[in-house]
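Lettering follows sequence order; numbering is per chain, from 1.
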Amino acid sequence: MKKVFVQGPISPSFIADAIAKHSSKVTIGAHDIFLGQVRADKIKGKEVCEIDYSAFEKMANEAFEEIRERTFEKFDLSCMHIYHSLGVVKAGELSLFVFVSSKHRAIAFDACRFVVEEIKANVPIWKKETYSDKTHNWVE
Amino acid sequence: MNIEVLFFGGLAELMGCHQFAMNNCTDTQELLDKLFLKNPNLKSKTFRLALNSKLINKKETLKNGDQLALLPPFVGG
């Protein structure tokens, strides 16, 4: 099973390294990448400072594996990678990194969107937003 | 008979813990009814159930050692 969860934010250098690792895979003609970033939403005058991500990890890892299988069945991909944060991610930092690669762009675009929507709908992950005044709210 | 009950997200905060054990529940509905008595606020919450890490959509019989998880709406990403 591929490791998806990372503790804390996903760093831009980690993403750059992931891209660089694909330079040897010369059958790939198109990559598509989705990056989820924490927004400093204003809710009732209070600003979101950070999100604390938690998950039912056993079930989430199984769900990620099913998404991988469904995606490879549906799209002609060379490879795909998913990384999702657990724990605290501050506003402006990255919490989700989806990276798909194929021969041509149309497949990469479609597959990337499919993976992101599947994650949103089917993986048991929760978010606790903390505001500037240190109060918090569970996102639903 | 011992059933492990897990709470996640805002439900863990509501119940004041991430897990506890319950006894003498023949099915998931009986277990839920006991939880609602324990904390009536739970009744108004939206959640799904996973029995031994698999989502269930109807009442299921429980056996010793089962694990039942209460899952708030998923909001990953």
Side-chain angles (χ1 to χ4, degrees), chain A residues 1 4-6 9-10 33-39 41 48 51-67 82-87 89 93-98 112-130 135-140, chain B residues 2-22 25 27-29 31-32 34-36 38-77:
Chain A
M1 196 174 276
V4 170
F5 285 120
V6 294
I10 297 161
I33 286 173
F34 175 85
L35 300 174
Q37 175 168 300
V38 172
R39 281 192 313 271
D41 278 348
V48 174
I51 290 178
D52 189 351
Y53 288 89
S54 57
F56 184 0
E57 286 190 57
K58 180 179 185 290
M59 207 177 144
N61 282 319
E62 287 167 6
F64 280 125
E65 201 55 38
E66 282 170 23
I67 291 169
I82 304 171
Y83 297 96
H84 197 297
S85 293
L86 280 183
V89 181
E93 293 182 327
L94 303 172
S95 58
L96 174 61
F97 170 30
V98 174
C112 190
R113 185 181 185 120
F114 175 80
V115 172
V116 173
E117 299 300 339
E118 285 284 309
I119 293 169
K120 293 266 180 191
N122 296 318
V123 185
I125 296 173
W126 299 282
K127 300 198 265 201
K128 185 174 80 171
E129 292 178 333
T130 299
T135 58
H136 70 264
N137 179 54
W138 289 92
V139 178
E140 284 194 1
Chain B
N2 204 28
I3 310 294
E4 185 186 24
V5 187
L6 303 180
F7 303 100
F8 289 93
L11 294 182
E13 189 173 288
L14 179 74
M15 299 304 287
C17 65
H18 285 279
Q19 67 180 90
F20 59 70
M22 288 188 76
C25 299
D27 59 49
T28 48
Q29 190 55 53
L31 189 148
L32 280 180
K34 286 184 177 175
L35 286 178
F36 293 151
K38 223 174 175 60
N39 190 334
N41 293 327
L42 185 63
K43 211 165 184 174
S44 63
K45 297 290 177 187
T46 304
F47 59 86
R48 286 197 276 176
L49 294 176
L51 181 58
N52 301 322
S53 305
K54 300 286 176 215
L55 286 172
I56 55 171
N57 298 309
K58 60 177 177 58
K59 186 170 82 176
E60 298 282 350
T61 305
L62 293 170
K63 60 182 189 309
N64 188 38
D66 276 346
Q67 180 197 67
L68 188 72
L70 277 71
L71 312 174
F74 303 165
V75 290

(request) Among the options B:Gly9, B:Ala50, B:Ala12, pick out the one with the most heavy-atom pairs lying under 4.5 Å from chain A. (result) B:Gly9
(message) Need one label for A:Ala121: side chain, backbone, both or neither, based on atoms under 4.5 Å from any heavy atom in chain B.
(response) backbone
(request) Tell me, for A:Ile125 versus chain B, whether the close heavy atoms (under 4.5 Å) come from the side chain, the backbone, both or neither. (result) both
(message) Does B:Lys34, at its NZ atom, have more than 12 non-hydrogen atoms belonging to other residues, nucleotides or ligands within less than 6.0 Å?
(response) yes
(message) Report, in residue-number order, which members of residues 69-77 of chain B are under 4.5 Å from chain A by heavy-atom distance.
(response) B:Ala69, B:Leu71, B:Pro72, B:Pro73, B:Phe74, B:Val75, B:Gly76, B:Gly77
(request) Report the option among A:Asn137, A:Val139, A:Val123 that has the most heavy-atom pairs separated by less than 4.5 Å from atoms of chain B. (result) A:Val123
(request) Supply the atom-to-atom distance A:Trp138 CH2 to B:Leu14 CG, rounded to the nearest 0.5 angstrom. (result) 11.5 Å
(request) Can you measure from CD (B:Glu13) to NZ (A:Lys128) and round to the nearest 0.5 angstrom? (result) 6.0 Å
(message) Let me confirm one number: the CZ-CD distance from A:Phe56 to B:Gln67, rounded to the nearest 0.5 Å.
(response) 4.5 Å
(request) Please round to the nearest 0.5 Å and tell me the distance separating atom NZ of A:Lys58 and atom CG of B:Leu6. (result) 11.0 Å
(request) Report the distance from atom NZ of B:Lys54 to atom CD of A:Glu62, rounding to the nearest 0.5 Å. (result) 4.5 Å
Atom pairs and distances, side-chain donor-acceptor, residues 55-64 of chain B, under 3.5 Å, sequence neighbours left out:
| unit_1 | atom_1 | unit_2 | atom_2 | d |
| --- | --- | --- | --- | --- |
| B:Lys58 | NZ | B:Glu60 | OE2 | 3.3 |
| B:Lys63 | NZ | B:Asp66 | OD1 | 3.1 |
| B:Asn64 | OD1 | B:Asn2 | N | 2.7 |

(message) Report which part of A:Ala55 has an atom under 4.5 Å of a heavy atom belonging to chain B: side chain, backbone, both, or neither.
(response) backbone
(message) Given heavy-atom pairs under 4.5 angstrom as the criterion, report whether the side chain, backbone, both or neither of A:Asn122 touches chain B.
(response) backbone
